[in-house]
There are 2 protein chains.
Amino acid sequence: MKRVFVRRMIGYAAALAALLLLLQWMQYRLLLLDHATEIYITGIALLFTALGIWLAKKLTKARTVVVTETVVVEKEVPVYTSSATFTPDREAIGRLGLSSRELEVLGAIASGATNQEIADLLFLSLNTVKTHTARLFEKLDVRRRTQAVEKGKRLGIIP
Amino acid sequence: MKRVFVRRMIGYAAALAALLLLLQWMQYRLLLLDHATEIYITGIALLFTALGIWLAKKLTKARTVVVTETVVVEKEVPVYTSSATFTPDREAIGRLGLSSRELEVLGAIASGATNQEIADLLFLSLNTVKTHTARLFEKLDVRRRTQAVEKGKRLGIIP
DNA sequence: ACACGCTTCATACTTTCGGATGATTTACAA
DNA sequence: TTGTAAATCATCCGAAAGTATGAAGCGTGT
């Protein structure tokens, strides 16, 4: 792979060198004549336009890649324990030292409630809910409610 | 078709004419100086190389053909999708009209990322992430990211 | 009685989210 | 050609969330 690329680069460099030599020669030849500058310039222009086209084609062609992806998906169908029979992992809860109020708040957060809604639901003040969430986040070692939900589900604390 | 092509050609011709005028001017200006020829030539070369590349790109782009391939996949009993072999519910996604970007953002939200983190992750601006989330919430008919995660999981859109 | 943890609530401040709206570009379809 | 959808980015503003800190009441166990 690498070797091919290096060789191609060398080829390009050689072609460019040849081109420059040709130019040098043209310059030397044509400057001897009077009023030949326009022809010279035109030659240059055409030459380099061609070079540009050639370059572009090479570059775009080299970049044309066809990718065929085959994805095989195998699935098992395990016996499914529905969410109705969810039992929280008491071990994890004890290990983290989560209080019952904090668990309630975590559940409400997971359901998508705002702090104010949680306050109304549990008959608390907004500030109290905030302290609960703050302690909850500290114990779960997270910084946002979305992370708390993710971690809670992962640890089996909430369904 | 033909008409478009002709007009494009006219545009190219105009551009070329402008280019030639520019050259004429450069020639007039620079030939007043000594030893400016080399610089002039180099300019010409670069200019026309660029022109060539541009031309080639335009010409090849106009010829770009899009091939659409339809792949039919048969799925086996997707009753229960464990987190390891999760496959999103395409039916639900299609029904809600969720775009790929919106799905990416939803996944990132579910992992607990802030909008800024999502922006960094997907190489977007914060504002773009916000518009994606806004549209996502609208389509999911929710008002907060926690609700979006909850609904996304419930509908089988995210694991 | 007293320490300890849980719960409750408050103030003040910063950060993150979310809503509304508009601009621009690109791709694709009618 | 025109229209539409997706994706990108922007500003402004208000709401929600989160941080820091202090404080008070209430059971429980020693």
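Numbers restart at 1 for each chain; the letters A, B, ... are given by sequence-line order, proteins then strands.
- Around CD of B:Glu138, the count of heavy atoms belonging to other residues, nucleotides or ligands within 6.0 Å does not exceed 12.
- Going from atom CD of B:Glu138 over to atom C1' of C:dT21 covers 13 Å, rounded to whole Å.
- A heavy-atom distance below 4.0 Å to DNA chain C is reached by these residues of residues 94-107 of chain A, ordered by number: A:Ser99, A:Ser100, A:Arg101.
- If you measure from atom CG of A:Leu122 to atom C1' of C:dC6, you get 15 Å, rounded to the nearest angstrom.
- The bend of the helix from C:dA1-D:dT30 to C:dA30-D:dT1, defined by the angle between the axes of its first five and last five pairs, stands at 40° to the nearest 10°.
- Listed pair B:His132 / D:dA7 fails the phosphate criterion, with no side-chain N or O lying under 4.0 Å from OP1 or OP2.
- Between B:Glu117 and A:Arg144, at least one side-chain nitrogen of the basic residue sits less than 4.0 Å from a carboxylate oxygen of the acidic one, meeting the salt-bridge criterion.
- Looking at residues two or more places apart in sequence or on another chain, you find no salt bridge (charged side-chain N to carboxylate O under 4.0 Å, His left out) involving B:Lys151.
- Between A:Thr131 and A:Thr128, the side chains place no donor N or O within less than 3.5 Å of an acceptor N or O (distance only, hydrogens not considered).
- Interatomic distance, A:Leu106 CG to A:Leu98 CG, rounded to the nearest 0.5 Å: 7.5 Å.
- We find the CG-CD1 distance between B:Leu136 and B:Ile109 to be 6.0 Å, quoted to the nearest 0.5 Å.
- Atom CD1 of A:Ile118 sits about 7.5 Å away from atom OG1 of A:Thr133, to the nearest 0.5 Å.
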Please encode protein proximity along nucleotides 9-18 of chain C as a string of B, S and -, counting only heavy-atom distances under 4.0 Å.
BBB-----SB

Would you give me the side-chain donor-acceptor pairs under 3.5 Å for residues 87-94 of chain A, sequence neighbours excluded?
| unit_1 | atom_1 | unit_2 | atom_2 | d |
| --- | --- | --- | --- | --- |
| A:Asp89 | OD1 | A:Glu91 | N | 3.0 |
| A:Asp89 | OD1 | A:Ala92 | N | 3.2 |

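- In this structure, A:Arg154 places its CZ atom where more than 12 heavy-atom neighbours from other residues, nucleotides or ligands lie under 6.0 Å away.
- Counting only residues at least two apart or in different chains, side-chain hydrogen bond (donor to acceptor under 3.5 Å, both in side chains) contacts with residues 101-115 of chain A comprise A:Ser99-A:Glu102, A:Arg101-A:Glu104, A:Glu102-A:Lys139, A:Asn115-A:Arg145.
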